[in-house]
Amino acid sequence: MKIDLFGTIDENDHISVECDPQEIDIAFDDVYTRVDGPIKVNCRLHRSEEFVYVEGKVKAVLEMDCSRCVEPFLQDIEENFSFVVRRLKIGETAPEGSNEGEELDEENLIYLPHDENSMDIAELVRDAVILSVPLKPVCSESCKGLCSVCGHNLNTGDCGCSEKRTDPRWQSLSGLFDKNMEK
């Protein structure tokens with residue numbers, strides 16, 4: 001997913017791009033999260049003589065499984081990202097500790113070779129999407145989850161399990177409590 005940083009004349013530009021999730025090779029560690037539809041990227045470029053400041057926003061729809069009731073649901077995500085690009089002059093090399101076209105973490109600065117006008121932002125978009133995925137996704141705040149005894153989805157109705165649940169491992173001790181109460 002390449003965007004043109006130095007090719008146009010305007011001082012401030014907007015770039016809108018849509019891409020397929022496979023195009024940016026997005027993979028989640030969690031097998032229960034999938035991207036549903038295209039990923040939309042909007043960038044605003046602010047140019048100076050030597051730098052291009054990029055402010056971007058990634059929007060996508062993710063299909064996830066609820067961590068409470070295990071039902072699939074769709075969630076809109078929106079994540080911001082930003083970076084600064086500096087195009088190297090002829091014969092200039094990127095400072096030590098950075099590679100041309102790679103991000104310098106501490107300054108969020110990317111160096112671009114002097115003969116390049118565009119750069120691939122797929123990795124930045126992929127990172128933004130992955131960072132926007134909640135650790136424990138829930139379909140709604142009022143989700144009741146699953147019954148801990150029978151596994152029934154409590155959002156669809158009551159399962160009929162007894163409210164008073166006793167662990168069978170403690171059953172033999174229940175008689176001791178009754179004997180002490182009689183004294």
Side-chain angles (χ1 to χ4, degrees), residues 1-68 70-141:
M1 169 187 299
K2 286 197 167 209
I3 61 170
D4 188 10
L5 298 171
F6 295 97
T8 56
I9 308 292
D10 294 341
E11 188 174 303
N12 295 315
D13 286 320
H14 287 78
I15 297 173
S16 295
V17 181
E18 277 192 17
C19 73
D20 190 83
Q22 285 89 15
E23 185 180 330
I24 63 170
D25 192 31
I26 197 160
F28 296 100
D29 292 335
D30 178 7
V31 294
Y32 303 107
T33 304
R34 297 157 296 285
V35 179
D36 186 48
I39 297 172
K40 298 174 183 174
V41 181
N42 292 310
C43 294
R44 183 175 172 93
L45 309 178
H46 306 278
R47 290 190 178 88
S48 70
E49 197 170 301
E50 196 174 345
F51 296 98
V52 176
Y53 302 93
V54 181
E55 296 173 328
K57 183 177 285 194
V58 177
K59 293 182 181 182
V61 177
L62 300 180
E63 181 182 349
M64 297 183 270
D65 291 341
C66 179
S67 61
R68 292 182 190 165
V70 196
E71 292 292 323
F73 70 99
L74 297 177
Q75 180 172 339
D76 293 330
I77 57 113
E78 193 173 291
E79 187 73 26
N80 295 322
F81 66 95
S82 63
F83 59 95
V84 179
V85 177
R86 179 176 177 259
R87 185 167 24 181
L88 298 170
K89 296 180 174 97
I90 296 174
E92 184 181 14
T93 58
E96 272 190 52
S98 70
N99 294 321
E100 289 181 355
E102 289 189 15
E103 184 175 344
L104 191 62
D105 287 336
E106 59 193 45
E107 296 179 25
N108 210 19
L109 180 63
I110 299 172
Y111 292 94
L112 197 63
H114 74 279
D115 56 346
E116 300 265 337
N117 283 337
S118 61
M119 69 172 283
D120 189 6
I121 62 167
E123 186 175 336
L124 295 165
V125 171
R126 178 180 39 247
D127 290 348
V129 171
I130 290 172
L131 286 172
S132 68
V133 176
L135 292 175
K136 297 286 185 187
V138 289
C139 56
S140 73
E141 289 301 317

How many angstroms lie between [atom1] in [X] and [atom2] in [Y], if you round to the nearest 0.5 Å?
X: Lys2; Y: Ile15; atom1: NZ; atom2: CD1; value: 13.0 Å
X: Asp36; Y: Asp76; atom1: CG; atom2: CG; value: 10.0 Å
X: Arg47; Y: Asp13; atom1: CZ; atom2: CG; value: 4.5 Å
X: Ser132; Y: Asp127; atom1: OG; atom2: CG; value: 11.0 Å
X: Glu79; Y: Lys59; atom1: CD; atom2: NZ; value: 13.0 Å
X: Leu62; Y: Gln75; atom1: CG; atom2: CD; value: 7.0 Å

Side chains of [X] and [Y]: does their closest heavy-atom pair fall under 4.5 Å?
X: Leu131; Y: Phe81; answer: no
X: Val125; Y: Lys40; answer: no
X: Glu141; Y: Val138; answer: yes
X: Phe73; Y: Ser140; answer: no
X: Leu124; Y: Ile110; answer: yes

#### Entry: Within 6.0 Å of CD in Glu18, more than 12 heavy atoms from elsewhere
yes

### Query
Under 4.0 Å between a Lys/Arg side-chain N and an Asp/Glu carboxylate O for Glu55 and Arg44?
no

### Query
Salt bridge check: are Arg87 and Asp115 linked by an N-O gap of less than 4.0 Å?
no

### Message
Using the side chain to side chain contact (heavy atoms under 4.5 Å, CB included) definition, which of the options Ile77, Val61, Val58 pairs with Ile39?
### Response
Val58

#### Entry: Closest non-hydrogen atom pair between Pro137 and Asp65, with its separation
CG-O, 3.7 Å

